Structures are given as structure tokens and as C-alpha cells.
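Contents: one structure, followed by commentary.
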Amino acid sequence: MRDRSAVVIIQNNRVALIKRARTDSIYYVFPGGGIEPGETPVAAAKREAWEELGVKVEIQECLAEVAFNGTQYFFQAIILEGEFGIGSGEEFSDPQRGTYEPVWVELNELVHLDVKPRSMSNSIQKGRKRNGN
């Protein structure tokens, strides 16, 4: 079990996700990955945003901690600089891991996609409805 950190970036009614294609399945995850030894969850989220999306982010708050093969931390973040979609983490060059594609997904489309974990996707949808977006 390894703890993980991810970023939740919402901009212009869209959320940043990683589209994954692995052995005949397509699903979406929030940009993130494993927390390295000695690294804080916040530092890991920032590093992963850079590696997977090509952007530097400011972490605003922890939206959720989900227990699944360790603890997964989900942090609301905003983009400070960089170019979305030019991440160069090791996952992009390892064909054994399938494909990784940074994408913007309209918030109202989340219910139609296989987003993991579903609890985070549902939480974002509920927040959107509460805020009238």
C-alpha cells in the first residue's frame, strides 16, 4: 500500500483529468501519484501536477482523504503557470502502463465517464449543483 496525492483543478466549468487506456478499458483519474518517502501529501500533489500536466499549481485545500490501498489525498488547486498537457513524467514513456492523456472534461460530462474514484467525481458534481454552476 502506498499513499497517493492528486490535484482537482476546476476551471471554466471543466475539470482536469488523465484519460487512461489500459488493456481494453478506458477510464479517467485525477492527476496524481504516489507520495515519495519524506514527501508531504501537498508536495507530492504539486510534483505530480508538474509531471503529469506540465503546470505548477497552488494548493488551496484538501477536499478529501479516501482510504483505498493506503490513503489518497485530493487537493483543490489552481494553475499558476505552465502549459497544460505537456507533462513528461515517467508514466508517459512506459507502454506497460497503457496511455496517459491530460484532458479537460466538462463538469456536466462527469456522470457519463468512468472516473476513479467515483466518490470524488460525485463530490465535485454535488458541489457544482450547490454553487449553481
Side-chain angles (χ1 to χ4, degrees):
M1 288 195 248
R2 183 174 181 198
D3 292 345
R4 302 174 53 81
S5 274
V7 292
V8 178
I9 301 171
I10 299 173
Q11 195 173 289
N12 300 320
N13 281 325
R14 302 179 303 167
V15 62
L17 296 173
I18 300 292
K19 181 179 180 181
R20 298 288 318 273
R22 297 176 77 176
T23 59
D24 299 331
S25 71
I26 294 175
Y27 60 96
Y28 298 78
V29 296
F30 293 88
I35 299 172
E36 302 294 334
E39 188 175 43
T40 66
V42 167
K46 288 180 177 183
R47 176 180 51 76
E48 290 289 343
W50 177 252
E51 290 177 2
E52 293 193 353
L53 301 176
V55 296
K56 292 187 178 181
V57 297
E58 175 184 307
I59 301 298
Q60 297 188 316
E61 67 178 301
C62 185
L63 297 173
E65 293 181 22
V66 178
F68 180 77
N69 290 335
T71 302
Q72 296 184 29
Y73 300 89
F74 293 87
F75 294 98
Q76 182 177 350
I78 58 170
I79 295 174
L80 297 175
E81 62 182 88
E83 184 178 336
F84 184 90
I86 63 163
S88 58
E90 65 185 36
E91 57 270 21
F92 290 101
S93 59
D94 183 356
Q96 298 291 348
R97 294 175 141 185
T99 62
Y100 285 69
E101 180 186 355
V103 295
W104 286 106
V105 172
E106 297 288 333
L107 291 172
N108 61 357
E109 291 298 315
L110 286 176
V111 297
H112 304 293
L113 301 174
D114 183 9
V115 180
K116 299 178 188 295
R118 177 54 67 189
S119 61
M120 264 320 293
S121 176
N122 290 344
S123 177
I124 289 170
Q125 281 291 91
K126 287 177 187 170
R128 179 178 164 260
K129 289 175 184 166
R130 239 186 346 263
N131 294 328
N133 293 329

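For clarity, every value in this text was computed on a predicted model and none was experimentally measured. Note that these values count all heavy atoms, side chains included, but never hydrogens, waters or copies made by symmetry.
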- Quick one: does D3's side chain have a donor or acceptor within less than 3.5 Å of a partner on I35's backbone? no
query: Is E58 reaching over with its side chain to a backbone N or O of I79, donor-acceptor style, under 3.5 angstrom?
result: no
_Does either side chain, that of S25 or that of R22, offer a donor lying less than 3.5 Å from an acceptor on the other one?_
no
message: Measuring only between side-chain heavy atoms, which start at C-beta, is V29 closer than 4.5 Å to V115?
response: no
Quick one: does I78's side chain get under 4.5 Å of Q60's, heavy atoms only?
yes
| field | pair K46-K56: side-chain heavy atoms closer than 4.5 Å | value | no
Minimal heavy-atom distance between V7 and A45, with the atoms involved, is CG1-O, 3.6 Å
Would you call R4 and F68 a side-chain contact if the rule is heavy atoms closer than 4.5 Å?
no
Taking every heavy atom of V15 against every heavy atom of V8, the minimum-distance pair comes out as CG2-CG1, 4.4 Å
Tightest non-hydrogen contact, residues E109 and V105, listed as CB-CG1, 4.0 Å
Heavy atoms from other residues, nucleotides or ligands near CD of E61 exceed 12 (cutoff 6.0 Å): yes
Review point. So do the side chains of F30 and L63 get within less than 4.5 Å of each other, counting heavy atoms only?
Key: no
Check: L107 and I124 side chains under 4.5 Å, non-hydrogen atoms
yes
* Less than 4.0 Å between a side-chain N and a carboxylate O, is that true for E36 and R2? -> yes
Between the CG atom in L53 and the CH2 atom in W104, the distance rounded to the nearest 0.5 Å is 8.0 Å
CD of E101 to CG of L17, rounded to nearest 0.5 Å, is 11.0 Å
### Query
Is the charged tip of K19 near the ring of Y28: under 6.0 Å from the six-membered ring centre and within 45° of its axis?
no
Do F75 and I9 have side-chain heavy atoms sitting under 4.5 Å apart?
-> no
Between F74 and the options P41, S5, P117, S123, the side chain to side chain contact (heavy atoms under 4.5 Å, CB included) test singles out P117
All heavy atoms of R118 vs all of V111, minimum pair found to be NH1-CA, 4.2 Å
Heavy-atom nearest pair, P31 first then I18, reads CA-CG1, 3.9 Å
